[in-house]
Colleague: 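Provided herewith is a single structure, encoded as structure tokens, for subsequent inquiry.
Order of listing sets the numbers, starting from 1, for every ligand and every atom in it.
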Amino acid sequence: GFALSANASGTSAKSSGASDSLVFDKDAYTELTTTITDADGTDHTVVYHFWKAITYVASPVDAKYQSLNVSVPVKIDGKAVDATSAPIVLANSVGGYLPSSVADATGVGGAEMTGGMPTGGAAASASPSTSPSPSAASSAGTGEVQSGGNAMVNAQGGMVNLGKLGLAAGYVVVEPGARGRTLTDSAGTYYGTAPAAIVDLKAAVRYVRANKGVIPGNTDRIVSTGTSAGGALSSLLGASGDSPIYDKYLKELGAADASDAIFATGAWCPITDLEHADGAYEFNWGTNVTASTGKVVDQTVSKALRAQFAEYQASLRLRGLDGFGPLTARNYDDYMVETYLQPSATKYLAALSEADRATYLAANTFITWSGGKATFTWADFLTHVGARKKTTPAFDAFDLSAGENNEFGVGTTEARHFTAYGAKNDTTGLSTKRVASDIAEKLDLMNPMHHIGEENPGRSRHWWIRLGMKDSDTSLTVSANLAAALDNLGDDVNHLYYWDEGHGSNVDPGDFLTWIAKVTG
Ligand code: DHB
């Protein structure tokens, strides 16, 4: 185990990976009182202890991002709460693979995404009543509206903040900041591109665990949450627990010498499996028009990418949930419809009043409602969703304009290709139309599917995965594959698609809190 007095051995903080600076000062809190509206709409008065901007590595590159906040409830609605051994909700607020900082937060749930993003802007792009924002059409480039862990929206378009909800439910809430893709130093060197964000989140987990018994909460019951790029990182954190491939990066930062495994993982609309996402995107949305142009994308490119998806899907050798059998590009449409989309529509329609259901069905005649069940075809579902958000390729853009190209930037190079197809078709005048030699390692460092494929023993065994079915920020197959891969390993997977919801939605936060209580109990 990790000793808080590791320096007594005489080794330096950096080489031992531990230092006095990584000791949680349990008295350094302020007591705050706030009103939190729970998932059922009931207000609660929460008195809590708030620890602010704790740098979680001994040798930070940028402490503004490599720091975390801790919130511990002490009184809820006048009743004393003892959170000493409560589950710990680790709520990241990453959006768009951009930098996220909690350093200026004045209380729980106050993280900021930086990099020019309008705070809370996801409400505009993710509201179920609005179509995908045209400004987000081609890429997740700087200036695009992003979602993040603190910018989820409920069915009414209101904000959902899992940090606040977790606190009101009596949990310890840890909110880590993390470096992101746009950060540069004075020499123009990118220091927040892959794998910085995941390394930071792991360092935060290590910090919490190294302070077991000092920091309130049960370090064996850490539950990670995140949305979109934050959902990708949450699922990666869950899948990669204690993987040695991050060791050298963690050591460099002087991360605490402790396990970075987490107990359970929540991921909303995870934008992950990036090197396979272009093919998956065309499989899913290839025939839909693009929001920005109103036209279908180059069908030659779309078809080439679709063929890559077929090959990839076969290579995964996954079985679908609920006894579906082998999952391939030939049956994935049926799989989505049967396993996820029809049950999602059924649940949605069953919850409506008879009159509202009749109105909905009259406006959506592609749905057959019979015996309390909704049925429809994949083609009609695609028509119902309408315009896709991104052009093609959606992630490894030929002109390097996607946010993900920046995520794989290195040194003073802002953006790079990370797929062979993207590199081969580069339009920026690169002399070498191949991916750089370090990319393969970076992809593994960033992809939960890599760790699941290796059956990483340190992974989470409990998974909550959610995605709005109108979310065309990535393919619906990405989270379905994540769920199937985990299920096939025997993990406990709870995966649903929210009917008629878009990017960044979270319409069942109360169910998530109930699920935490169940799996951690
Ligand atoms: C996010 C959205 C995207 O479309 C993307 O490619 C990456 C991240 C996000 O909202 O975090």
Side-chain angles (χ1 to χ4, degrees), residues 91-100 111-127 131-153 160 178-182 192-194 197-198 201 225-236 267-278 280-282 284-285 290-292 387-397 400-409 415 418-419 422 446-448 466-468 470-476 478-479 501-506:
N92 83 62
S93 53
V94 175
Y97 289 101
L98 293 163
S100 60
E112 283 177 19
M113 286 177 287
T114 50
M117 298 301 119
T119 309
S125 72
S127 165
S131 51
S133 149
S135 69
S138 67
S139 73
T142 307
E144 184 191 323
V145 174
Q146 302 291 342
S147 65
N150 294 320
M152 303 162 100
V153 288
V160 174
R179 289 169 295 164
R181 60 181 167 85
T182 51
T193 54
I198 185 61
L201 294 181
T225 66
T227 304
S228 199
L233 290 163
S234 185
S235 59
L236 178 58
W268 285 259
C269 50
I271 306 286
T272 193
D273 201 5
L274 297 173
E275 66 268 42
H276 303 112
D278 289 331
Y281 198 91
E282 297 312 317
N284 195 153
W285 310 115
T290 304
S292 60
R388 57 188 263 174
K389 191 183 262 188
K390 298 182 176 183
T391 54
T392 197
F395 294 90
D396 189 354
L400 291 173
S401 63
E404 286 73 14
N405 293 120
N406 178 205
E407 175 62 4
F408 289 100
F418 52 93
T419 67
M446 294 305 294
N447 197 336
R466 291 292 185 272
L467 181 59
K470 284 189 166 174
D471 187 341
S472 64
D473 276 57
T474 192
S475 170
L476 300 185
V478 170
S479 63
E501 294 292 335
H503 189 60
S505 56
N506 180 356

Colleague: At less than 4.0 angstrom from any non-hydrogen atom of Phe395, what atoms of ligand 1 do you find?
Modeller: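 Answer, ordered by atom number: 6 (O).
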Colleague: Would you mind running through ligand 1 and noting each atom that sits below 4.0 Å from a heavy atom of His503?
Modeller: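 Answer, ordered by atom number: 2 (C), 9 (C), 10 (O).
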Colleague: Please lay out, stage by stage, how Leu476 and Leu467 fare under the test side chain to side chain contact (heavy atoms under 4.5 Å, CB included).
Modeller: CA-CA 8 Å; Leu476 300 185; Leu467 181 59; 3.6 Å; yes
Colleague: Considering only heavy atoms of Gly95, which atoms of ligand 1 have at least one such atom less than 4.0 Å away?
Modeller: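 Listed by number with element: 11 (O).
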Colleague: Please indicate whether any nitrogen or oxygen in Tyr97 is less than 3.5 Å from any nitrogen or oxygen in ligand 1.
Modeller: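 In fact, backbone or side chain, Tyr97 has no N or O that close.
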Colleague: Given 3.5 Å as the limit, does a donor-acceptor pair link the side chain of Tyr281 with the main chain of Phe395, or not?
Modeller: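 Pair absent, no side-chain N/O of Tyr281 close to backbone of Phe395.
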Colleague: Which of the atoms in ligand 1, numbered in the order shown and given with their element, are less than 4.0 Å from a heavy-atom of Lys390?
Modeller: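 Answer for ligand 1: 3 (C), 4 (O), 5 (C), 6 (O).
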Colleague: Go through the steps to decide whether Leu274 and Tyr97 satisfy the test side chain to side chain contact (heavy atoms under 4.5 Å, CB included), and finish with yes or no.
Modeller: CA-CA 12 Å; Leu274 297 173; Tyr97 289 101; 3.9 Å; yes
Colleague: Out of Leu274, Thr474, Asp473, Asp471, whose heavy atom is nearest to atom 3 (C) of ligand 1?
Modeller: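 Going through Leu274, Thr474, Asp473, Asp471 one by one, Asp473 has the nearest heavy atom to atom 3 (C) of ligand 1.
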Colleague: Quick check: does Thr227 get an N/O under 3.5 Å from an N/O on ligand 1?
Modeller: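 Checking ligand 1 against Thr227, no N or O pair falls under 3.5 Å apart.
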Colleague: I'd like to know if the side chain of Asn405 and the backbone of Asp396 have a donor-acceptor N/O pair within less than 3.5 Å.
Modeller: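 No; judged by distance alone, with no hydrogens or angles, the pair does not exist.
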Colleague: Any non-hydrogen atom of Lys389 lying under 4.0 Å from ligand 1?
Modeller: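 No heavy atom of Lys389 comes that close to ligand 1.
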Colleague: One pair to check against side chain to side chain contact (heavy atoms under 4.5 Å, CB included): Leu201 and Asn92. What are the steps and the verdict?
Modeller: CA-CA 8 Å; Leu201 294 181; Asn92 83 62; 4.1 Å; yes
Colleague: Measuring from atom OG of Ser475 to atom NE2 of His276, what distance do you get when rounded to the nearest 0.5 angstrom?
Modeller: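 Answer for the OG-NE2 pair, Ser475 versus His276, is 13.0 Å.
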Colleague: Does the side chain of His503 reach to within under 4.5 Å of the side chain of Ile271, using non-hydrogen atoms?
Modeller: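 Sidechains of Ile271 and His503: in contact.
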Colleague: Check this for me - ligand 1, Ala229, N or O atoms closer than 3.5 angstrom, yes or no?
Modeller: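 Yes, Ala229 has an N/O under 3.5 Å of an N/O on ligand 1.
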Colleague: Short list, please: which atoms of ligand 1 are under 4.0 Å from a heavy atom of Gly96?
Modeller: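 Atoms satisfying the 4.0 Å criterion: 1 (C), 8 (C), 9 (C), 11 (O).
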Colleague: Check whether any heavy atom of Gly403 sits under 4.0 Å from an atom of ligand 1.
Modeller: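 In this structure, Gly403 fails to qualify as a contact of ligand 1 - no heavy atom is under 4.0 Å.
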Colleague: For a side chain to side chain contact (heavy atoms under 4.5 Å, CB included) with Pro270, tell me which candidate from Ser228, Ser234, Ser479 qualifies.
Modeller: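 Only match with Pro270 under side chain to side chain contact (heavy atoms under 4.5 Å, CB included): Ser479.
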Colleague: Find all atoms of ligand 1 within a distance of less than 4.0 Å from any non-hydrogen atom belonging to Glu404, and give their numbers and elements.
Modeller: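 Selected atoms, number and element: 5 (C), 6 (O), 7 (C).
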